[in-house]
Amino acid sequence: MPSAVRSSRGSSALRFGRFAAMGTVAVLILIAGVWASWGTAQHVMLTKGRERGTVEVTRCAEDVCEGPFRPLSPGAQPRGRVVLDDTVAVEKGSTYTVVLKPGGGKAVRSGPAGVLYAWVPLGGALLLASVVVAGGLLRTRAAWVLALAGAGLLTAAFVAL
């Protein structure tokens with residue numbers, strides 16, 4: 001006679017495996033977002049000892065804009081040409097506050113717009129991780145928190161730029 005009681009050990013192991021795998025994927029996505037953001041964010045957020053100033057954009061090419069650097073911080077040296085790598089919301093003829101990366105040739109936008117723009121990869125990672133958390137971990141509330149945080153960060157960066 002077949003037993004009416006089924007073992008739950010197999011299904012528990014599968015649930016734990018799914019939870020471990022999807023949890024690992026979600027954490028790796030978030031770590032990748034922080035890693036991608038930190039390359040620029042460290043220069044914008046930790047400005048002590050860095051050269052700060054303004055750049056008046058005189059020329060824009062495909063992926064870069066450039067212009068003369070006028071220092072605002074003590075010890076900063078004026079430069080005839082610095083490069084802004086990403087040309088998102090950068091217009092020729094406008095002046096932007098920037099922080100120079102070590103080496104002095106490349107600049108990143110500073111201020112609230114620069115900070116928000118630096119963390120845009122994390123915003124995308126939050127949105128992607130929310131899908132994994134909702135679908136793989138079946139944690140809808142946590143997924144909504146991640147999604148709203150990512151969408152809020154991306155929207156704030158869009159508005160600030």
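Position 1 is the first residue of the sequence; numbering continues from there. The structure displayed is predicted, hence computed values, not measured ones.
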Quick one: [atom1] on [X] to [atom2] on [Y], what's the gap to the nearest 0.5 Å?
X     : Y     : atom1 : atom2 : answer
Ser37 : Gln42 : OG    : CD    : 11.5 Å
Glu66 : Arg81 : CD    : CZ    : 4.0 Å
Arg50 : Lys48 : CZ    : NZ    : 12.5 Å

With [X], which residues qualify under side chain to side chain contact (heavy atoms under 4.5 Å, CB included), at least two apart?
X      : result
Pro112 : none
Ala113 : Arg109, Ala160, Leu161
Thr58  : Pro68
Ala134 : Ala143

Each residue besides [X] in its hydrophobic cluster should be listed here, by chain and number; the cluster joins Ile, Leu, Val, Met, Phe, Trp and Tyr at side-chain heavy-atom distances under 4.5 Å.
X      : result
Leu138 : none
Ile31  : Val27
Val34  : Phe19, Met22, Val25, Ile29, Leu30, Trp38, Val44, Met45, Leu46, Val99, Val108, Val115, Leu116, Trp119, Leu122, Leu126, Leu128, Val132, Val133, Leu137, Leu146, Leu153

May I ask you to test the [X]-[Y] pair for a side-chain heavy-atom distance under 4.5 Å?
X      : Y      : value
Thr54  : Leu72  : yes
Leu154 : Val120 : yes
Lys92  : Arg59  : no
Phe69  : Pro71  : yes

Quick one: closest heavy-atom pair of [X] and [Y], and the distance?
X      : Y      : value
Ala107 : Leu100 : CB-CD2, 3.7 Å
Ala76  : Arg52  : CB-O, 4.2 Å
Thr40  : Ala118 : CG2-CB, 4.0 Å
Ala147 : Leu127 : O-CD2, 3.4 Å

request  = Could you tell me which residues satisfy salt bridge (charged side-chain N to carboxylate O under 4.0 Å, His left out) with Arg70, sequence neighbours excluded, listed by chain and number?
outcome  = Glu56

request  = Not counting sequence neighbours, which residues clear salt bridge (charged side-chain N to carboxylate O under 4.0 Å, His left out) with Arg141? List them please.
outcome  = none

ask   = Stepwise, does the side chain to side chain contact (heavy atoms under 4.5 Å, CB included) test hold for Leu84 with Val64?
value = CA-CA 6 Å; Leu84 287 165; Val64 297; over 6 Å; no

key: Inter- and intrachain pairs under salt bridge (Lys or Arg N to Asp or Glu O under 4.0 Å), touching residues 115-126, at least two apart   = none

task = Applying side chain to side chain donor-acceptor pair (under 3.5 Å), name anything that partners Arg139, two or more places apart in sequence or on another chain.
result = none

query = Residues in side chain to side chain donor-acceptor pair (under 3.5 Å) with Thr97, at least two apart?
reply = Ser110

query = Step by step, would you call Glu51 with Arg79 a side chain to side chain contact (heavy atoms under 4.5 Å, CB included)?
reply = CA-CA 11 Å; Glu51 294 183 78; Arg79 290 180 171 74; 2.9 Å; yes

Test log, rule side chain to side chain contact (heavy atoms under 4.5 Å, CB included), inputs Ser94 and Val57 = CA-CA 6 Å; Ser94 298; Val57 177; 5.6 Å; no

